[in-house]
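Just below is one structure, and these are the notes that go with it.
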Amino acid sequence: MKTNFLHELTWRGMVHNHTPEVEKLLQQPTTAYVGFDPTADSLHIGNLVSLMLLVYLQRAGHTPIALIGGATGMIGDPSGKSKERNLLDEDTIRYNLERIKLQMQKFLDFETTENPAEIVNNYDWYKNFNVIDFLRNVGKHLTISYMIAKDSVQNRLETGISFTEFSYQLLQGYDFYWLYTHKNCRLQMGGSDQWGNITAGIELISKLIPQAQAHAITCPLLTKSDGSKFGKSEQGNIWLDANKTSPYKFYQFWLNVDDKDLPKLLRIFLPFDQATIKQLETDNAQNPNALKRILAKEITTMVHSVEDYQKAEQASQLLYGKAVLEQFEATDLATLQEVFEGLPRQTYTAKEFESIATTTDLVALALQISKSEANRLIKGNGVSINKTKLTIEQATQKPNFTLLKEQFLLIQKGKQYFLVEVLK
RNA sequence: GGGGAGAUACCAAAGUGGCCAACUGGGGCGGACUGUAAAUCCGCUGUCUCUGACUUCACAGGUUCGAAUCCUGUUCUCCCCA
């Protein structure tokens, strides 16, 4: 099944801007790339949009290249950044890059013979590129006035931009040129903030290769309906790495998205066709939570695994469903362990547990907060233990609760869960 | 180089000798209502041995019964002139 890539991106709401002739280019199987910054050892939800661009590209019969900016990551892209950033050292970048590669392998098909995906690292072609050559062969072709006109640079002229970050567009431009000549890559995609960098590449290619046809597609930056950044909630980024964001938390994140963002998210992240998505929306028009569950299920399965999804779902059912204490008791220990897996946990020996003087102390310890804060929360009716609100009176006394399965206490702070485990 | 203004809690911003753990707004957290949503309303938002005590208003000293507020020095930031 080959789809019309540009058409598909359009109905998915993933086209912000593109070069005029790109549609013609895409009538033939084409190679395209998206760049990723190895600034962390995991991709996050923001990167997931770019990754989906490549997924849809490959499904449409084109060849995707994921470029990991081992070199450019050492420079720092000024786009969307209000101030100069710290440079990462080489070892960190190398490590991050390997981790990111592993994550990408879940999404793209590297085995197919027809249009296998590929991951490249621009450090490979920069490491032996000397300054003189770079300035003669690349820098010569773009003018300062052209470079200064870019929004990413304009926005920084007041607050300051180093020559290093200013040069970034040349590097990214050359990346495109390199891929164009070595991998026959004709198209670069990215977030709308990348437009300036991409066109710099197109400009460079057209200077170096007179008949060249290089193109760009950018996609809107993912934001919440209130305009704030998506996937960067309170506790920071939502990562794809299970060690940084547990599958349970990941799953919960999608269940908790704003209703208003649903149509947008379904279209970007669900790999179904247009009719199916519309059908889902009609079927669940009165029940946005069902839609969120589908969204959460699909993305969690895609990023983690079916098993992880099932555990997350099970945990959510138990923790947020109508579940009462009896249901926890009725669940077998192994399952319960899995349900509790993603929760912050404090473990004590029976002796240690005995020595905790008051329930307030216990709460402070379990939630890793100060005693004053624990006190405030309890006074504000904000803490439950084993699904029952903690009274102020109880809080001042020595903990006296029935342990679930004779070893767990489930403590709730609002909607968040914490676990205390007492070893026998 | 010369002149001026400022540094207050997560951020912004009041306070200019006792009524200040410090107005207010944002953010965050909790509660109510709901659908684990949004909107709305309410409460909390330094620490502790918690109806009280203790440590905070750039840093170090000083004046005073008493300082975020006055004085001295230090560091940093911003603005204007050259």
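Note: hydrogens, waters and symmetry copies are ignored here, and every other heavy atom, side chains too, is used. Every chain is numbered from 1, with letters handed out A, B, ... down the list of sequences. It should be emphasised that the depicted structure is a prediction, and the values quoted were computed from it without experimental measurement.
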Worked check of side chain to side chain contact (heavy atoms under 4.5 Å, CB included) between A/K389 and A/N381:
CA-CA 7 Å; A/K389 284 280 183 221; A/N381 206 20; 3.4 Å; yes
CA sep, side-chain torsions, deciding dist, call: A/L135, A/K140, side chain to side chain contact (heavy atoms under 4.5 Å, CB included):
CA-CA 6 Å; A/L135 292 176; A/K140 196 71 178 166; over 6 Å; no
Stepwise side chain to side chain donor-acceptor pair (under 3.5 Å) check, A/Q172 with A/D175
CA-CA 5 Å; A/Q172 188 168 330; A/D175 283 342; over 6 Å; no
Go through A/V49 and A/C219 one step at a time and tell me if the side chain to side chain contact (heavy atoms under 4.5 Å, CB included) criterion holds.
CA-CA 9 Å; A/V49 183; A/C219 120; 3.6 Å; yes
Give every pair of a protein N or O atom and an N or O atom of nucleotides 45-49 of chain B that lie under 3.5 Å apart, one pair per line with the distance.
from, atom 1, to, atom 2, distance (Å)
B/U47, OP1, A/S370, OG, 3.2
B/U47, OP2, A/R376, NH1, 3.4
B/U47, OP2, A/R376, NH2, 3.4
B/C48, OP1, A/K371, N, 3.3
B/C48, OP2, A/S370, OG, 3.3
B/C48, OP2, A/K371, N, 3.2
B/C48, OP2, A/S372, N, 2.7
B/C48, OP2, A/S372, OG, 2.6
B/U49, OP1, A/K371, NZ, 2.8

For nucleotides 53-56 of chain B, list the nitrogen or oxygen atoms of the protein found under 3.5 Å from its nitrogen or oxygen atoms, one pair per line.
none

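Annotation: ring-ring contact (aromatic ring centres under 6.0 Å, His included) contacts of A/Y126 (sequence neighbours excluded): A/Y174.
On the P atoms, B/C29 is 13 Å away from B/A37, given to the nearest whole Å. When the C1' atom is compared between B/A21 and B/U55, the two are found 10 Å apart, to the nearest whole Å. Comparing the C1' positions of B/U16 and B/C11 gives an interatomic distance of 23 Å, to the nearest angstrom. As rounded to the nearest Å, B/C10 and B/C57 have C1' atoms that lie 15 Å from one another. Look at the C1' atom in both B/U56 and B/C20: the space between them is 11 Å, to the nearest Å. Between B/A7 and B/A12, the two P atoms lie 12 Å apart (nearest whole Å). The separation of B/U24 from B/G17, taken at their C1' atoms, amounts to 23 Å, rounded to a whole angstrom. Remark: the separation of the P atoms in B/U8 and B/A58 is 7 Å, to the nearest Å.
In this structure, the ring of A/F269 has its center less than 6.0 angstrom from the ring center of A/W254. No close placement of the A/Y56 and A/F5 rings is indicated, their centers lying 6.0 Å or farther apart. Taking the six-membered ring for Trp and the full ring otherwise, A/Y417 and A/Y320 have centroids separated by under 6.0 Å.
Taking a 4.0 Å limit (strictly below) on heavy-atom distances, residues 293-314 of chain A does not reach RNA chain B anywhere. If you check residues 278-289 of chain A against RNA chain B, the residues with a heavy atom closer than 4.0 Å are A/P288, A/N289, listed by number.
At a cut-off of 3.5 Å, with distance as the only test, no side-chain donor of A/N287 or A/N284 sits close to an acceptor on the other residue. Judged by distance alone, the side chains of A/S50 and A/N47 never bring a donor and an acceptor atom under 3.5 Å apart. Using modelled atom types and a 3.5 Å distance limit, the side chains of A/T391 and A/Q394 yield a donor-acceptor pair.
Atom OH in A/Y248 sits about 13 Å away from atom P in B/U36, given to the nearest Å. Between the C1' atom of B/G30 and the CD1 atom of A/I411 lies a distance of 16 Å, rounded to the nearest Å. Rounded to an integer number of Å, the gap from CG of A/L291 to P of B/G35 is 17 Å. Rounding to whole angstrom units, NZ of residue A/K264 and P of B/A37 are separated by 19 Å. To the nearest angstrom, C1' of B/G31 lies 7 Å from CG of A/N381. To the nearest angstrom, C1' of B/C50 lies 16 Å from CG of A/L377. Note: CG (A/N375) to C1' (B/U51) measures 13 Å, nearest angstrom. Spacing between atom CG of A/L367 and atom P of B/G28 amounts to 19 Å, rounded to whole angstrom units.
With B/C50, B/G35, B/A38 as the candidates, the nucleotide lying closest to the side chain of A/K292 is B/G35.
Residues A/L204 and A/F176 fail the side-chain proximity criterion, which asks for heavy atoms closer than 4.5 Å.
In the displayed structure, A/N400 atom CG is contacted under 6.0 Å by at most 12 heavy atoms of other residues, nucleotides or ligands.
Across all strands shown, B/G73 forms a Watson-Crick or G-U wobble pair, both distances under 3.5 Å, with B/C59. Using Watson-Crick or G-U wobble geometry with both donor-acceptor distances under 3.5 Å, B/C41 finds its partner in B/G31. Under the Watson-Crick or G-U wobble criterion, with both distances below 3.5 Å, B/C78 is paired with B/G4. Pairing of B/A14, defined by two Watson-Crick or G-U wobble distances under 3.5 Å, is not identified with any nucleotide.
Contact record, A/P288 with A/L262: O-CD1, 3.7 Å, taken as the closest heavy-atom pair.
Mapped onto RNA chain B by nearest heavy atom, A/L255 and A/K413 fall at different nucleotides, with A/K413 at the one closer to the 5' end. Heavy-atom distances to RNA chain B give each of A/V257 and A/K389 a nearest nucleotide, and the one nearer the 5′ end belongs to A/K389.
Contact check, A/Q416 against B/G30: a side-chain N or O comes under 4.0 Å of OP1 or OP2.
Under 3.5 Å, the side chain of A/D259 and the base of B/G35 form at least one donor-acceptor pair of N or O atoms.
Using bins of under 30°, 30° to 60° and over 60° for the plane-to-plane angle, the ring pair A/F328/A/F340 lands in the parallel bin.
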Could you list the donor-acceptor pairs under 3.5 angstrom formed between side-chain atoms of residues 362-380 of chain A and any protein atom two or more places apart in sequence or on another chain?
from, atom 1, to, atom 2, distance (Å)
A/Q368, NE2, A/L365, O, 3.3
A/S370, OG, A/E373, N, 3.2
A/K371, NZ, A/D361, OD1, 3.0

